[in-house]
Amino acid sequence: MPRRHMHVTDAAEAPLRAALRELRGQLEIPEHFPLTAQAEAESAARAPRIPAPGGNVVTEHSLEDATDLPLFTIDPPGSLDLDQAMFLSRRRGGGFRVHYAIADIASFVTPGGALDAEAHHRVTTLYFPDERVPLHPHALSEGAASLLPDQDRPAVLWELDLDAHGALTAASVRRALVRSRARLHYAGVQHVIDDRTAEEPLALLRDIGLLREEREIARGAISLNVPEQEIVEHDGRYTLEYRAPLPADGWNAQISLLTGMAAADLMLTSGTGILRTLPTAPDGSVARLRLTARALGVDWPHHTSYAALIRTLDPRRATHAAFLQECTTLLRGAGYTVFDGTAPAAAHALHAAVAAPYAHTTAPLRRLVDRYTSELCLAASAGTDPPDWVRTALPALPQEMQTGTHRANQVERACVDLVEAALLRDRVGEIFEALVVEIQEQHPTQGTVHLYEPAVIGHIETTPDGPGLPLGHRIRVRLTTAEPGREPVRFTPV
């Protein structure tokens with residue numbers, strides 16, 4: 001999923017749509033699926049084949065029937081690729097039970113087939129400001145495999161038991177037939193929880209989310225509430241603004257994190273798996289962020305850790321939003337660790353931001369690796385060996401995911417460059433207040449600035465024989481270049 005979320009509002013959509021289409025052509029982003037892959041998807045949508053132990057397959061009619069669970073989904077408005085659905089309840093004697101259904105894309109993709117090959121080529125869903133380029137054909141990702149309301153769907157169903165303090169006490173996962181009852185969105189969820197009209201299964205999202213956030217704090221984990229950027233119109237001129245995530249976004253994310261941590265524990269116990277790992281950020285990166293915080297007026301006491309500081313920030317404030325964008329630089333270096341037979345040492349199994357072992361498993365419609373994680377967890381929970389097709393694919397998955405993630409980051413950067421240039425193309429020569437957020441070590445006269453208004457990040461360069469740029473300082477800059485699709489925004493110091 002993108003680190004820098006960007007969304008085109010209806011008002012700004014028309015003038016940018018053609019440029020974004022051209023960008024997809026330049027980046028050679030596929031417009032359509034190969035005919036063989038599309039045909040496989042349409043056939044599977046009509047008759048999914050559920051993987052079963054021993055390499056066999058069964059039909060939906062052979063699945064455990066869990067359609068009595070009144071599951072619900074929480075996603076942005078209009079979303080159709082629904083990976084997760086949940087039902088939350090209290091346990092007798094105290095604590096909670098989380099039922100978390102994950103779309104079972106493996107029931108629609110035949111290993112070694114054309115659709116499987118295309119998924120390994122695409123790796124992830126790609127996000128553009130105006131549309132998504134999906135990992136799987138719409139017949140599956142927005143149809144037969146999606147956990148849409150009032151539809152029976154095969155799913156990977158997690159059952160997670162928590163004690164009264166939100167600690168995980170038991171976890172199991174199995175295949176089942178499920179039926180979501182409601183498709184909710186974040187603002188609506190926040191509203192009914194705040195005014196206390198939410199029914200208990202939804203109201204518990206807040207209770208469980210807050211308990212899990214407390215445990216996250218105790219672990220020293222880092223939770224980045226990075227705001228989404230929206231392109232909006234003011235007085236006939238387009239600009240970028242931040243949209244802060246709601247508390248409900250965070251509570252929902254905690255359920256996904258809980259499941260990813262449970263998946264990691266299951267695989268580590270079984271001895272076969274694939275983890276999402278992240279090394280601890282180097283001291284130099286944190287020191288640079290301290291300079292940025294000072295320039296933005298973000299109070300960062302010397303005795304306060306980075307993880308603790310993040311939790312004090314309000315993404316509704318422009319300076320805090322800008323700082324949160326810069327904090328994503330500490331997430332660089334993330335990768336995947338595969339093991340088969342012997343679990344890795346604790347130091348090599350850790351995701352530094354989660355402060356625990358963690359696995360990607362809750363977004364199989366949009367991320368390739370999650371399909372494999374689900375199969376590994378199903379086998380571990382049942383005490384059986386993973387399928388051969390999963391074990392065979394494991395060694396290559398880290399590099400495939402790295403390639404796909406690099407492509408997604410390239411798309412994200414190109415979209416940001418295009419949108420920012422389009423918004424500022426008529427303002428070349430104007431002067432802006434900006435913060436120097438990065439300097440190139442080999443070329444201290446070149447770096448990156450973050451404008452205070454609008455929320456644009458761009459390249460800055462002074463004369464080769466001039467003074468180095470003042471990292472973390474506020475300066476005035478002049479916009480020198482903004483050519484959508486050709487040159488990103490560039491600035492020079494005033």
Side-chain angles (χ1 to χ4, degrees), residues 1 37 40 44 48-55 57 81 83-84 100-125 134-136 140-141 145 154-158 171 173-175 256 259-277 334-344 349 351 357-405 408:
M1 312 314 151
E40 278 190 21
R49 304 172 76 237
I50 317 298
V57 295
D81 52 343
D83 286 288
Q84 318 102 11
Y100 205 45
I102 307 299
D104 187 7
I105 192 65
S107 292
F108 299 89
V109 179
T110 301
L115 185 56
D116 185 34
E118 183 65 12
H120 278 265
H121 172 67
R122 294 190 177 215
V123 182
T124 69
T125 292
L135 172 60
H136 303 101
L140 299 180
S141 63
V156 176
L157 182 60
W158 286 84
V173 59
R174 63 195 189 277
R175 279 195 156 90
S256 180
T259 310
M261 293 167 68
D265 288 343
L266 266 179
M267 292 187 291
L268 286 168
T269 300
S270 74
T272 303
I274 180 166
L275 304 177
R276 181 62 164 167
T277 52
Y336 293 87
T337 297
V338 163
F339 54 99
D340 192 355
T342 303
H351 191 291
Y358 170 70
H360 276 157
T361 193
T362 62
L365 298 181
R366 293 171 278 176
R367 195 167 48 210
L368 174 67
V369 70
D370 299 49
R371 172 165 38 121
Y372 292 88
T373 306
S374 285
E375 297 303 316
L376 290 163
C377 290
L378 286 163
S381 187
T384 61
D385 290 333
D388 289 340
W389 63 269
V390 173
R391 268 203 160 110
T392 300
L394 273 182
L397 273 177
Q399 182 58 53
E400 288 178 301
M401 292 304 302
Q402 181 177 338
T403 300
T405 301

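Contact annotation: the side chain of Ser270 never approaches that of Leu376 to less than 4.5 Å [non-hydrogen atoms, C-beta and beyond]. In this structure, the side chains of Arg276 and Thr373 stay at 4.5 Å or more apart for every pair of heavy atoms. Using a 4.5 Å cut-off on side-chain heavy atoms (C-beta onward), Thr405 and Gln402 make no contact. Here the side chains of Val173 and Val156 are in contact, with some heavy-atom distance below 4.5 Å.
Checking side-chain atoms of Ser141 against main-chain N and O of Asp81 turns up no donor-acceptor pair under 3.5 Å. A distance-only check finds no donor-acceptor pair linking the side chain of Glu118 to the backbone of Ala37 [under 3.5 Å]. Remark: the backbone N or O of Gly260 is not paired with any side-chain donor or acceptor of Thr361 at under 3.5 angstrom. For the pair Ser107 (side chain) and Pro48 (backbone), a donor-acceptor distance under 3.5 Å is absent. Judged by distance alone, with hydrogens and angles left aside, the side-chain atoms of Asp370 form a donor-acceptor pair with the main-chain N or O of Ala363 at under 3.5 Å. Using modelled atom types, no side-chain atom of Arg122 and backbone atom of His136 make a donor-acceptor pair closer than 3.5 Å. Side chain of Thr392 to main chain of Trp389: no donor-acceptor pair is present (N/O by atom type, distance under 3.5 Å, no hydrogens or angles). In this structure a side-chain-to-backbone donor-acceptor pair under 3.5 Å is present from Asp83 to Leu365.
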**Study point:** Check against side chain to side chain contact (heavy atoms under 4.5 Å, CB included), Leu140 and Leu115
**Key:** CA-CA 11 Å; Leu140 299 180; Leu115 185 56; 3.7 Å; yes

Point to revise | Worked check of side chain to side chain contact (heavy atoms under 4.5 Å, CB included) between Val338 and Tyr372 | key: CA-CA 11 Å; Val338 163; Tyr372 292 88; over 6 Å; no

Exercise for review: List the steps and the verdict of side chain to side chain contact (heavy atoms under 4.5 Å, CB included) for Arg366 and Leu135.
Suggested key: CA-CA 6 Å; Arg366 293 171 278 176; Leu135 172 60; 5.7 Å; no

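Minimum interatomic distance between Leu268 and Ala349 (heavy atoms only, all atoms of both residues): CD2-CB, 4.4 Å. The shortest heavy-atom contact between Met267 and Ala359 is CE-CB, 3.5 Å. The shortest heavy-atom contact between Ala106 and Pro51 is O-CG, 3.8 Å. For the pair Ile50 and Pro154, the tightest heavy-atom approach, listed with the atom from each and the gap, is CD1-CB, 3.8 Å. In this structure, Trp158 and Ala263 approach most closely via the heavy-atom pair CH2-CA, 3.7 Å. The two residues Pro387 and Glu375 make their nearest non-hydrogen contact at CG-OE1, 4.3 Å.
For the side-chain contact (heavy atoms from CB on, under 4.5 Å) test, residues two or more places apart in sequence or in another chain that qualify with Thr277 are Leu275, Thr337.
Evaluation of the salt bridge (Lys or Arg N to Asp or Glu O under 4.0 Å) test over residues 259-274, restricted to residues two or more places apart or in two chains, returns none. For the salt bridge (Lys or Arg N to Asp or Glu O under 4.0 Å) condition, the pairs that include at least one residue of residues 376-392, sequence neighbours left out, are Asp340-Arg391.
Glu400 CD to His121 NE2: the interatomic distance, rounded to the nearest 0.5 Å, is 11.5 Å.
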